Amino acid sequence: MKPSPFAHRIVQELVFIFSIVLIFSGCSLIDDFIDDLKKEDPTATKVIGPAGGEINFEGIIINVPENAFSEDNEISISVLDGGDEFGDYGISSLYQVSGWPASINQTIRIKIKYTGTLEGDSLIALGEMKYSVSLDSTLYSYHSESASDSSGYLVYELPIYSSPMKSSQMKSSTLENAMNFLVLNTYKRTLSSRGHFMLSYPLQFEQYGVLMGKNFERAYDTCQAMGFSDSGRTWPANVLARTLSKEDKNTSGWYTWHSTGGSSMNDINIRTKINSGEFTINLNILSDDLELRATCGHEYLHLIQNLYEFSAPYIEPEQAWLKEATAVWIEEKYADIPNYLSSSINGREEYPFYGWQYSDSEQTHSKHGYGLSVIIKDIAEVYGDAAIVKIHKKIKDGILPTGAVDPVDAVLSVINEPIGNFWHGMLGSYMLGHYYNNKVNFKFLDDYFTYAEIFTIDGQNKSHSIKNIYYDLSGLLFKVIPGDLSTLSTVPLSFSVDDPMNCGISVCKYKTGSEIALLGEVFPGGNGQVILTDVKSVFDDGYELVVMVSNSSHDKNSNYQAKTEIELVIELASGITLGKVEFYLDNAVFQRNDEPYPYTFELSEVLHLRDLTGRLSGNIYNGSYSYKSLGRTFGGTIRLTFAENPERVSLSLDHTMSYQGNFGFGERKFHYTVYYNDIPYESFDATSGMFVYSETGSSVSKINVTWTETNSLYTNVLQSHNCGPASFIRVAVDSR
């Protein structure tokens with residue numbers, strides 16, 4: 001920054017005083033002190049009202065004609081260092097003029113003195129405080145304006161305007177209603193080939209500047225072809241390629257617009273401000289063909305999002321993640337290379353596991369959205385590009401300020417499948433490298449900090465249980481590594497979660513940085529358990545196990561940021577999945593308490609044990625279940641004892657079922673127990689993947705069974721049974 005004369009004198013006097021300090025503290029103290037003094041910028045202030053007036057200060061002259069202002073305004077000028085923003089392309093000081101009213105009624109003449117020889121077009125850079133979508137912050141955004149050259153000055157006519165910068169007039173000097181001015185050198189200002197973009201770039205980059213215009217026009221055409229509308233926007237939109245300050249030097253570019261308005265932001269405000277949207281492109285990427293194409297497409301989609309009334313942080317801050325997720329996704333349409341991977345994803349590979357609406361003090365929603373672009377990529381693959389347009393239309397359906405559409409709602413509106421299936425399937429595919437040809441998944445799988453827990457399985461560490469907090473629509477990764485397995489002939493592993501309705505499990509074998517493959521999986525709504533009968537050979541071949549648990553629960557009342565504690569159990573014990581237990585007795589005798597005589601009828605029961613949880617210890621399996629289906633509640637316990645030779649199974653079942661009956665029965669409750677020893681093995685059912693044990697005919701009479709129905713009208717009890725040739729009992733399990 002350019003220091004004032006007073007600051008220079010102070011520096012000279014204090015250099016001697018502080019020189020002795022160098023003996024003790026080195027140069028840093030003096031350097032820091034001088035730098036702080038240099039930040040003192042010269043300032044001039046003058047009150048100008050309807051009568052007009054002029055300010056002439058440090059190389060800038062502002063002439064306000066009569067009646068340009070409707071009332072008194074305190075106009076201030078600060079002199080800044082333009083090198084921070086434009087490097088050597090600025091040949092004047094950078095002037096910040098603040099205190100502008102909301103509207104001016106007459107053209108205001110601004111003259112800026114420049115040094116050296118002016119080359120290229122006669123242009124000034126005009127900067128205003130705007131909101132950057134990509135950076136999720138406010139900053140001074142610049143575009144070029146044509147000016148006339150007059151004896152070492154550039155003269156710019158600030159036109160009549162009704163400022164989009166403020167919702168009400170401001171009489172004092174504030175940054176909110178300030179404009180920055182600087183003379184540009186060796187710059188060209190020209191329209192893109194089809195006139196949608198006003199391009200400004202240094203002459204030495206002309207071939208790249210023209211290419212930049214073509215890339216923006218291609219972005220325009222691509223979005224039109226997808227079905228996006230540009231209604232409400234007038235053209236051209238400003239594009240300025242320039243040197244960025246050291247804080248932003250690694251940023252490829254951004255889109256900015258006048259999004260001020262705070263809680264008063266509404267549909268009308270947005271429509272009056274969208275024409276203020278403009279682009280800044282880092283000069284450093286102009287010669288990088290791929291990065292330039294991707295950046296132009298990315299930032300142009302932010303302009304489209306303006307037109308669909310994305311509301312910026314004032315109304316719905318979470319929308320920032322959806323803005324960036326869709327903008328990063330669309331980059332691949334301009335990359336023209338297979339398995340394109342946006343530079344924005346670098347360092348954010350694990351973000352999809354955090355949750356869609358994830359938020360903490362160190363993570364902005366926009367940066368989080370870079371990593372969530374895979375969600376949009378998956379939706380486009382499954383439902384087509386039209387689904388992305390529908391998401392934007394859903395956002396626009398919300399009436400601001402109180403009716404902003406939540407981005408999660410917008411995304412869910414285009415998914416035509418259970419959210420659990422979608423979310424678990426997408427996370428699983430992401431982990432397996434489906435989307436980016438293993439460019440992304442290996443990075444987060446190789447990172448120690450990606451895993452919520454790393455377990456060791458061996459003869460001593462046979463079981464692990466851990467509870468973790470999951471955000472809505474999130475997931476966690478776990479790793480299982482082998483210990484000393486020499487005492488084990490087989491290594492059967494069971495993986496289970498305590499929230500099977502919302503959680504899915506995927507288990508993969510993984511070899512660091514080279515190979516990953518799925519070994520077992522259960523989707524949400526299943527039994528919440530994956531059983532691998534023997535992974536000893538997997539470990540012997542040098543693999544580790546990666547376990548992914550997805551959480552598809554989502555609570556709108558908690559802004560989709562609810563936290564759920566979920567337990568994962570990994571144990572060295574064979575598990576069992578039961579398909580069903582069924583029996584049929586063709587001659588059963590019942591007695592109702594409201595009838596004098598018993599009656600004979602058939603007794604048939606089929607129990608599908610889809611939500612069974614339990615454990616096999618030795619040759620005995622104990623499990624329990626509880627679930628609802630078709631308005632009925634099921635629950636009970638089961639015990640299976642496997643005989644090794646001959647192959648038989650013994651069953652112990654205690655089952656209850658209840659539902660609300662019709663025709664005055666009230667709640668109908670059923671309870672039965674079944675005990676049956678030595679059911680012989682019948683066959684393997686390849687269709688279901690189950691081993692079937694069954695007994696038929698009169699021998700089924702040895703079944704030990706109780707059966708009771710209770711309702712508001714009567715009680716019905718099984719008295720006895722006598723089994724004929726049609727009777728049977730059958731048990732189907734997935735292991736023997």
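Values in this document were obtained by computation on a predicted structure and should not be read as measured data. All residue numbers in this chain count up from 1 along the given sequence.
Below 30°, between 30° and 60°, or above 60°: for Phe216 and Phe197 the angle between ring planes is between 30° and 60°, a tilted geometry. Using cut-offs of 30° and 60° for the angle between ring planes, the Tyr208 and Phe205 rings count as tilted.
When ring centroids are compared, Tyr334 and Tyr340 stay outside the 6.0 Å threshold. In this structure, Tyr89 has its ring center no closer than 6.0 Å to that of Phe86. A distance of 6.0 Å or more separates the ring centres of Phe449 and Phe444. Taking the six-membered ring wherever Trp is involved, the centroid distance between the rings of Tyr358 and Trp321 does not fall below 6.0 Å. Aromatic rings of Tyr510 and Phe442 (six-membered ring for Trp) have centroids within the 6.0 Å cut-off, being under it. In this structure, the ring of Phe279 has its center no less than 6.0 angstrom from the ring center of His143.
Heavy atoms only, all atoms of each residue included: Leu372 and Gly355 are closest at CD1-O, 4.3 Å. Between Ser496 and Ile505 the shortest heavy-atom distance is CA-CD1, 3.9 Å. Nearest heavy-atom pair across His196 and Trp235 is O-CE3, 3.0 Å. Scanning all heavy atoms of the two residues, the minimum distance from Tyr140 to Arg242 falls at O-NH2, 4.2 Å. Closest non-hydrogen pair, Leu94 versus Asn180, comes out as CD1-CB, 4.0 Å. The two atoms that bring Leu139 and Ser132 nearest to each other are CD2-CB, 4.0 Å, heavy atoms only.
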Q. Would Ile375 and Trp356 satisfy side-chain contact (heavy atoms from CB on, under 4.5 Å), going step by step from the backbone distance to the final call?
A. CA-CA 9 Å; Ile375 298 175; Trp356 296 12; 3.3 Å; yes

Q: For side-chain contact (heavy atoms from CB on, under 4.5 Å), just list the numbers for Arg218 and Asp221, CA-CA rounded to whole Å, side-chain angles, deciding distance to a tenth of an Å, and then say yes or no.
A: CA-CA 5 Å; Arg218 180 182 175 187; Asp221 291 340; 5.7 Å; no

Q.
One pair to check against side-chain contact (heavy atoms from CB on, under 4.5 Å): Ile345 and Ser373. What are the steps and the verdict?
A. CA-CA 8 Å; Ile345 298 175; Ser373 59; 3.7 Å; yes

Please table the atom pairs, donor to acceptor, closer than 3.5 Å between any side-chain atom in residues 541-548 and protein atoms at least two apart or in another chain.
unit_1	atom_1	unit_2	atom_2	d
Tyr543	OH	Glu515	OE1	2.8
Tyr543	OH	Glu515	OE2	2.9
Glu544	OE1	Lys479	NZ	3.2

Result block: side-chain N/O donor-acceptor pairs under 3.5 angstrom for residues 379-391, not counting sequence neighbours:
unit_1	atom_1	unit_2	atom_2	d
Glu381	OE1	His434	NE2	3.1
Tyr383	OH	Asn416	N	3.1
Tyr383	OH	Glu417	OE2	3.0
Asp385	OD2	Lys333	NZ	2.6

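A donor atom on one side chain and an acceptor atom on the other are found under 3.5 Å apart for Ser192 and Glu217. Counting only N and O atoms by type, the side chains of Tyr255 and Asn306 include a donor and acceptor under 3.5 Å apart. Side-chain contact, Glu350 with Tyr451: no donor N or O sits under 3.5 Å from an acceptor N or O. With hydrogens and angles left out, the side-chain atoms of Asp555 and Tyr560 include no donor and acceptor closer than 3.5 Å. A donor-acceptor contact closer than 3.5 angstrom links the side chains of Ser465 and Glu567. Using modelled atom types and a 3.5 Å distance limit, the side chains of Glu453 and His464 yield no donor-acceptor pair. In the model, Tyr430 has no side-chain atom that pairs as donor or acceptor with a side-chain atom of Asp378 under 3.5 Å. The closest side-chain donor-acceptor pair between Ser342 and Glu331 falls under 3.5 angstrom. When only modelled atom types and interatomic distance are considered, Tyr471 and Gln357 share no side-chain donor-acceptor pair under 3.5 Å. Looking at Ser141 and Glu278, their side chains do bring a donor and an acceptor atom within 3.5 Å of each other. Using a 3.5 Å distance cut-off with no hydrogens or angles, the side chains of Asn275 and Trp257 do not pair a donor with an acceptor. Between the side chains of Trp423 and Ser550, no donor-acceptor pair of N or O atoms lies under 3.5 Å. No side-chain donor from either of Glu128 and Thr256 sits under 3.5 Å from a side-chain acceptor of the other.
The number of heavy-atom neighbours closer than 6.0 Å to NZ of Lys377, taken from other residues, nucleotides and ligands shown, is above 12.
A donor-acceptor distance shorter than 3.5 angstrom exists from the side chain of Thr326 to the backbone of Lys323, with no hydrogens or angles considered. Between the side chain of Thr280 and the main chain of Leu240, no donor-acceptor pair closer than 3.5 Å is present. Arg189 places a side-chain N or O within donor-acceptor distance of the main-chain N or O of Ser144, the cut-off being under 3.5 Å. Between the side chain of Asp499 and the main chain of Ile566, no donor-acceptor pair closer than 3.5 Å is present. In this structure a side-chain-to-backbone donor-acceptor pair under 3.5 Å is present from Ser276 to His258. Remark: side-chain polar atoms of Lys439 are paired, donor with acceptor, to backbone N or O of Asn339 under 3.5 angstrom. With hydrogens and angles disregarded, a donor-acceptor distance shorter than 3.5 Å links the side chain of Arg233 to the backbone of Gly277.
Taking 4.5 Å as the limit, some side-chain heavy atom of Gln224 sits within range of a side-chain heavy atom of Asp230. Here the side chains of Met212 and Leu292 are in contact, with some heavy-atom distance below 4.5 Å. In this structure, Leu493 and Ile457 have side chains that are in contact, with non-hydrogen atoms separated by less than 4.5 Å. Counting heavy atoms from C-beta outward, Tyr470 and Leu476 have side chains that approach closer than 4.5 Å. With contacts defined as side-chain heavy-atom distances shorter than 4.5 Å, the pair Asn238/Tyr142 does not qualify. The shortest side-chain heavy-atom distance between Glu85 and Leu182 does not fall under the 4.5 Å cut-off. Contact check for Phe455 versus Ile481: no side-chain heavy atoms found under the 4.5 Å cut-off.
Once rounded to the nearest 0.5 Å, the distance linking CE of Met426 with CG of Leu473 reads 10.5 Å. With values rounded to the nearest 0.5 angstrom, Leu432 atom CG is found 7.0 Å from Ser506 atom OG. Atom CD of Gln319 sits about 12.5 Å away from atom CD of Glu324, to the nearest 0.5 Å. Met431 contributes atom CE, which lies 5.5 Å from atom CD1 of Ile516 (distance to the nearest 0.5 angstrom). How far CG of Leu427 is from CZ of Phe422: 9.0 Å, rounded to the nearest 0.5 Å. Going from atom NZ of Lys393 over to atom OG of Ser413 covers 11.5 Å, rounded to the nearest 0.5 Å.
Residues in residues 291-308 take part in these salt bridge (Lys or Arg N to Asp or Glu O under 4.0 Å) pairs, two or more places apart or across chains: Asp289-Arg293.
Looking at Lys443 and Glu349, a side-chain N of the basic residue comes within less than 4.0 Å of a carboxylate O on the acidic one, giving a salt bridge. Classification of Asp406 and Lys556 as a salt-bridged pair fails, no side-chain N sitting under 4.0 Å from a carboxylate O.
Judged by a 6.0 Å distance limit and a 45° cone about the ring axis, Arg348 is not positioned over the six-membered ring of Tyr370.
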